[in-house]
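Below: one structure, written as structure tokens.
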2 protein chains.
Amino acid sequence: MATIEDVARLAGLSRTTVSRVINNHPYVSEEKRQTVRSAMEQLGYVPNSIAQRLRTQTNETVAVLIPRLSNPFFSHLVDAMEDIAALYRFQLIICQTKSGKEREILYLDWLKTRQIGGVIFASSENDWQDIKRYQQYGPILFCNEYPPGTEAPIIHLDQLQGGYMGTQHLIERGHTKIGYCYSGRQNTNIRDRFKGLKLALKDHGLSIKEDWIFKDAYDTKDGGRIYYEIMALKDRPTAVFTGSDEVALGIIAEARRNGTHVPKELAVLGFDDQPIAGLMDPGISTVYQPVKDIGKMAMELMIQLIRGGHPVQQITELPLHLIVRAST
Amino acid sequence: MATIEDVARLAGLSRTTVSRVINNHPYVSEEKRQTVRSAMEQLGYVPNSIAQRLRTQTNETVAVLIPRLSNPFFSHLVDAMEDIAALYRFQLIICQTKSGKEREILYLDWLKTRQIGGVIFASSENDWQDIKRYQQYGPILFCNEYPPGTEAPIIHLDQLQGGYMGTQHLIERGHTKIGYCYSGRQNTNIRDRFKGLKLALKDHGLSIKEDWIFKDAYDTKDGGRIYYEIMALKDRPTAVFTGSDEVALGIIAEARRNGTHVPKELAVLGFDDQPIAGLMDPGISTVYQPVKDIGKMAMELMIQLIRGGHPVQQITELPLHLIVRAST
DNA sequence: CAATGATATGGAATCGATTTCATTTTAGTT
DNA sequence: AACTAAAATGAAATCGATTCCATATCATTG
């Protein structure tokens with residue numbers, strides 16, 4: 001591998017001049033510039049970016065922490081982030097935390113050892129106080145989810161508004177007995193969404209029964225189980241606000257198998273607007289989250305911060321959109 | 001940020017000794033070892049890995065080139081790769097090529113500039129000759145797809161066997177008029193799969209009509225269109241082997257809407273075994289690809305190569321599995 | 001007791017770039 | 001022609017580690 005030294009020698013000039021040519025600095029005569037260029041060409045020289053990073057103390061790599069990539073929400077989020085990163089020639093490192101506290105810290109340590117320039121949390125299990133101490137090593141920001149008390153830039157979706165909007169839609173369709181499913185995990189997003197639901201109910205003089213709240217709702221299988229749990233109730237909800245399209249799909253599939261009409265006997269509202277939602281028959285009404293938008297915004301901001309911007313404790317909140325199909 | 005120099009000064013020892021402690025080298029007395037340890041502790045010192053990389057000329061980061069992350073096949077593949085990378089404390093960099101030749105080369109240049117230690121191609125648009133020249137800068141291997149003539153390690157799925165197996169299944173179900181859909185792109189995988197189909201037909205004294213080959217089949221929408229194309233034919237296939245579950249889903253959905261019975265009037269075989277395949281009613285028969293397995297194997301091999309293994313021109317081929325549901 | 005090998009430690013070179021500072025050359029002004 | 005500012009160039013320091021080589025101490029052995 002040719003080094004800057006080799007180029008300098010071949011060109012009969014100093015390393016300084018070669019460096020100036022590489023970095024397009026002024027005060028190099030056109031003649032020498034050409035000499036250097038051809039020497040670089042001849043040797044197939046490219047600057048060693050590790051050496052550059054060490055010298056300039058910059059690191060144009062961003063780590064993104066997500067629970068797992070096979071979750072479509074996160075793969076779409078990272079997809080959008082990578083587009084922006086590539087645009088600025090930044091590198092994007094994938095870190096799957098598997099929702100583990102220790103894994104998160106493991107990846108944060110990469111910030112400490114200067115392996116990466118900044119960290120975007122797309123989900124987080126640790127408390128803010130434990131993450132905070134890493135801020136001194138580089139910019140940290142949150143996209144989508146964030147721990148309570150976060151003192152760092154946050155770009156997220158207005159889950160409260162999403163919960164409110166979805167619930168209001170069900171109420172407008174004439175439902176007064178509305179059920180709710182959620183994963184059972186407690187994070188800001190899930191909490192806010194539930195707050196939105198309760199707020200909408202309250203604003204319309206309604207409330208939710210304890211029996212109508214279903215936990216551990218992650219996938220289609222859970223949806224199937226929840227269908228039976230609903231049917232087993234004496235006082236049943238006539239509509240369910242599920243936390244995900246998968247769960248909605250599970251409920252709808254089981255309902256069909258058992259001859260329960262959707263939405264007449266049971267209305268089902270999904271969340272996410274994943275491809276399946278539009279393809280099912282009946283199509284699943286759902287709440288669309290502008291994932292790509294927050295992904296792009298987060299990466300844009302991160303790049304600015306790494307390039308020397310000042311981290312402002314700013315909160316950006318994007319609205320969710322209701323997509324009405326046939327299931328409600 | 002504390003440097004090794006600071007630690008040495010505080011401990012009253014040389015940088016050499018501190019380095020020896022960091023790297024667990026012998027010939028350091030237990031006493032000094034403790035002195036160094038506590039100095040490191042006191043200063044909150046961690047070695048700068050950029051400096052380490054420069055000095056040791058090692059780079060424990062791997063770039064994975066995929067068309068796009070929102071394609072579930074690739075997000076699952078990368079998921080598996082990241083698990084292994086994390087295990088060895090390697091970094092995984094995501095590179096979405098958007099199936100663009102130039103983008104591929106852009107990322108390959110990162111190998112040249114030493115930003116990354118090795119590259120895994122999960123798909124590739126460039127010819128082998130154009131990729132070959134980058135081998136001198138670090139290990140390159142192919143996982144899933146590869147250009148003809150590749151002289152690098154390949155880990156892939158036996159698409160020929162997959163095509164054969166799927167076709168044989170349809171023949172066993174009594175079909176003699178079998179249609180085929182594919183993306184229209186030409187890569188080794190798609191070609192091999194088609195070869196498998198033709199081979200199975202030939203072995204049973206059958207053949208395919210030009211009219212029964214449908215191109216530009218990427219998603220559900222295309223599936224819908226293809227359904228009508230099939231129905232418009234005078235001499236119709238009674239079964240279709242689609243290149244993806246999405247396309248199969250599109251055909252099935254449109255068939256149902258038009259009262260065409262699946263599988264009686266038209267049998268549909270998918271590919272990939274994506275979650276929807278099992279959830280649909282009727283469930284989609286499909287060909288399952290052990291994606292996680294090739295992902296893990298590829299990353300294991302890459303790490304060995306980066307650690308100084310000898311790249312052998314080896315080809316690892318994993319079999320596909322048939323999953324029979326209700327659509328065939 | 002001298003010779004030898006194992007253990008411990010540090011000085012200085014090195015990895016491959018950028019940048020400061022000093023020096024020389026050129027161009028412009030009076 | 002003399003003077004000054006701008007342009008061009010290079011020597012050497014620097015980023016933060018590792019490692020080669022030299023040297024010093026210690027224990028062991030014949």
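Numbers restart at 1 for each chain; the letters A, B, ... are given by sequence-line order, proteins then strands. The shown structure was predicted, so the numbers you read here are calculated from the model rather than taken from an experiment.
- One side chain, B/Gln34 or B/Glu30, offers a donor N or O that lies under 3.5 Å from an acceptor on the other.
- A straight line from CG of B/Leu43 to C1' of D/dG16 spans 15 Å, rounded to a whole angstrom.
- Taking atom CZ of A/Arg9 as the reference point, atom C1' of C/dG16 lies 13 Å away to the nearest angstrom.
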CA sep, side-chain torsions, deciding dist, call: B/Lys292, B/Asp83, side-chain contact (heavy atoms from CB on, under 4.5 Å)
CA-CA 10 Å; B/Lys292 304 244 164 188; B/Asp83 281 348; 5.9 Å; no

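- Tested against A/Phe121 for a ring pair (Phe, Tyr, Trp, His ring centres under 6.0 Å), the candidates A/Tyr134, A/Tyr107, A/Phe142 yield a single pass: A/Phe142.
- Remark: the B/Asn126 side chain and the B/Ser124 side chain contain no N/O donor-acceptor pair separated by less than 3.5 Å.
- In this structure, the CD atom of B/Glu5 is 13 Å from the P atom of D/dT18, given to the nearest Å.
- Protein atom CD1 of A/Ile50 is 15 Å distant from nucleotide atom P of D/dT18, rounded to whole Å.
- Closest non-hydrogen pair, A/Ile190 versus A/Ser183, comes out as CD1-OG, 3.2 Å.
- In summary, the side chains of A/Thr16 and A/Ser19 do not present any donor paired with an acceptor at a separation below 3.5 Å, with no hydrogens or angles considered.
- At the phosphate of D/dA11, neither OP1 nor OP2 sits under 4.0 Å from any side-chain N or O atom of A/Ser14.
- Of the side-chain N and O atoms in B/Gln52, one or more sit less than 4.0 angstrom from OP1 or OP2 of D/dT18.
- Taking 4.0 Å as the cut-off between side-chain N and carboxylate O, B/Glu151 and B/Lys132 count as a salt-bridged pair.
- Looking at B/Thr113, its side chain never comes within 3.5 Å of a backbone N or O of A/Ser49 through a donor-acceptor pair.
- Residues from residues 18-41 of chain A that place a heavy atom under 4.0 Å from any atom of DNA chain D, listed by number: A/Arg20, A/Tyr27, A/Val28, A/Ser29, A/Lys32.
- If you measure from atom CG of A/Asn59 to atom P of D/dG16, you get 14 Å, rounded to the nearest angstrom.
- Distance A/Asp6 CG to C/dG16 C1': 10 Å, rounded to the nearest Å.
- Using a 4.0 Å cut-off between charged nitrogen and carboxylate oxygen, A/Asp130 and A/Arg133 count as a salt-bridge pair.
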Quick test: give all pairs of protein nitrogen or oxygen and nucleotides 12-15 of chain D nitrogen or oxygen below 3.5 Å, distance rounded to 0.1 Å.
residue: D/dA13; atom: N6; partner: A/Arg15; partner atom: NH2; Å: 3.2
residue: D/dT14; atom: O2; partner: A/Arg55; partner atom: NH1; Å: 2.4
residue: D/dC15; atom: O3'; partner: A/Gln57; partner atom: NE2; Å: 2.8

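- The interatomic distance linking A/Leu13 (CG) with C/dT18 (P) rounds to 15 Å, in whole Å.
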